[in-house]
2 protein chains.
Amino acid sequence: MAKVRHSRFDCDPGCAVEATISLIDGKWKCVVLFHLLTGTMRFNEIRRQISGVTQRTLTNQLRELEEDGLIERKIYAQVPPKVEYTVTPLGRSLQPILVALKFWGDENIGRFGKPERANAA
Amino acid sequence: MAKVRHSRFDCDPGCAVEATISLIDGKWKCVVLFHLLTGTMRFNEIRRQISGVTQRTLTNQLRELEEDGLIERKIYAQVPPKVEYTVTPLGRSLQPILVALKFWGDENIGRFGKPERANAA
DNA sequence: CAGGATCCAACATGATACTG
DNA sequence: CAGTATCATGTTGGATCCTG
């Protein structure tokens, strides 16, 4: 539901949750974050790691992550452009949560659940 | 990105994260979950707690939460319909993560960040 | 290399009205 | 009471082509 992005979260207790989720929501953001947590990467480097993303979408996701202060974008003024992406301390502070989310998913969806409602899958 | 729901998560490490997020993604799901974590509630009871939701949307969110096994829907065969919603053990197992997400949001967005990109807000 | 521009389909949510 | 049905809208993300 990335459309909400940074809701006021001063309403119900779930709003802050929603606000946080909106930061890592987006079809590829968590994947990107996971990769960047292992180190700085260039655009096409990220792109190669994640198969299935289009340039446009990856660019958008990176832009949003940047605007949200989770990653940093460093541009080198060179003839063949070079742009590096790095997680910021703020982004890194999400690591435990990301890991927890991944762990929960592996445990509950992979093992005994596997809901498989899958409207899109 | 609720449209992805239960992606294969057998690809990149972020996929399980995405799959988990998809369960609590949806403009009101976390709010609903937070409320239900405090106890069983009826439909309109939930609706009254959360101002701003339409019947249709709340119904949808509840259905998805139910299909994902996070909440249980108990229907009483009565003349004035009565339906109760309760979190399942699986849903309750998400509590720590929800709390962590809320905590992070309160800390980072509320305190020194408050990105405020806000395209919708 | 790292995008920007444009077009488009799918979906999520809202508004409103109706019902067993 | 707890929905369902229908309509309308905005956003996301994909496809494709172009560029400094």
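Note on naming: letters A, B, ... go to the chains in the order of the sequence lines (proteins, then strands), and numbering restarts at 1 for each one.
Applying the 3.5 Å distance criterion, the base of C:dG3 shares no donor-acceptor pair with the side chain of A:R56.
Residues B:L33 and B:I71 approach most closely at CD2-CG2, 4.0 Å, considering heavy atoms.
Proximity of B:Y85 to the phosphate of D:dG3: a side-chain N or O atom is located under 4.0 Å from OP1 or OP2. Taking side-chain N and O atoms only, B:T57 has a distance below 4.0 Å to OP1 or OP2 of C:dG14. Phosphate contact (OP1/OP2 of D:dA2, side-chain N/O of B:R63, threshold under 4.0 Å): absent. Proximity of B:R73 to the phosphate of D:dG3: a side-chain N or O atom is located under 4.0 Å from OP1 or OP2.
Checked for salt-bridge contact, A:E18 and B:K27 miss the test: no charged N lies under 4.0 Å from a carboxylate O. Salt bridge present: B:D106 and B:K102 bring a charged side-chain N and a carboxylate O closer than 4.0 Å.
One interatomic measurement links the two molecules: CG of A:N60 to P of C:dT6, which rounds to 14 Å at whole-angstrom precision. Per the geometry, CD belonging to B:Q55 stands 10 Å off C1' belonging to C:dA17, to the nearest Å. Rounded to a whole Å, the CD atom of A:E66 is 13 Å from the C1' atom of C:dA2. Between A:K27 atom NZ and C:dA12 atom P there is a gap of 12 Å when expressed in whole angstrom units. The interatomic distance linking A:Q49 (CD) with C:dA2 (P) rounds to 14 Å, in whole Å. In this structure, B:L23 atom CG and C:dA12 atom P are separated by 14 Å, rounded to whole Å. Taking atom CG on B:N44 and atom P on D:dT4, their separation rounds to 13 Å, with Å as the unit. Separating the CG atom of A:L58 from the P atom of C:dC1 is a distance of 14 Å, rounded to the nearest angstrom.
Side chain to side chain, B:W28 and B:T57 fail the donor-acceptor criterion of an N or O pair below 3.5 Å.
Residue contacts for B:Q61: at a heavy-atom cut-off of 4.0 Å it reaches the sugar-phosphate backbone alone, with no base atom in range. Within 4.0 Å of B:Y76, counting heavy atoms only, lies no atom of the nucleic acid at all. A:Q78 comes within contact range of no nucleotide atom at all, as no heavy-atom separation falls under 4.0 Å.
Picking from D:dT12, C:dG14, D:dA2 the nucleotide with the shortest atom distance to the side chain of B:W28 gives C:dG14.
Between A:T54 and A:P80, the one whose closest nucleotide on DNA chain D sits nearer the 5' end is A:T54.
Enclosure of atom NZ in A:K74 is not indicated, since only 12 or fewer non-hydrogen atoms of other residues, nucleotides or ligands lie within 6.0 angstrom.
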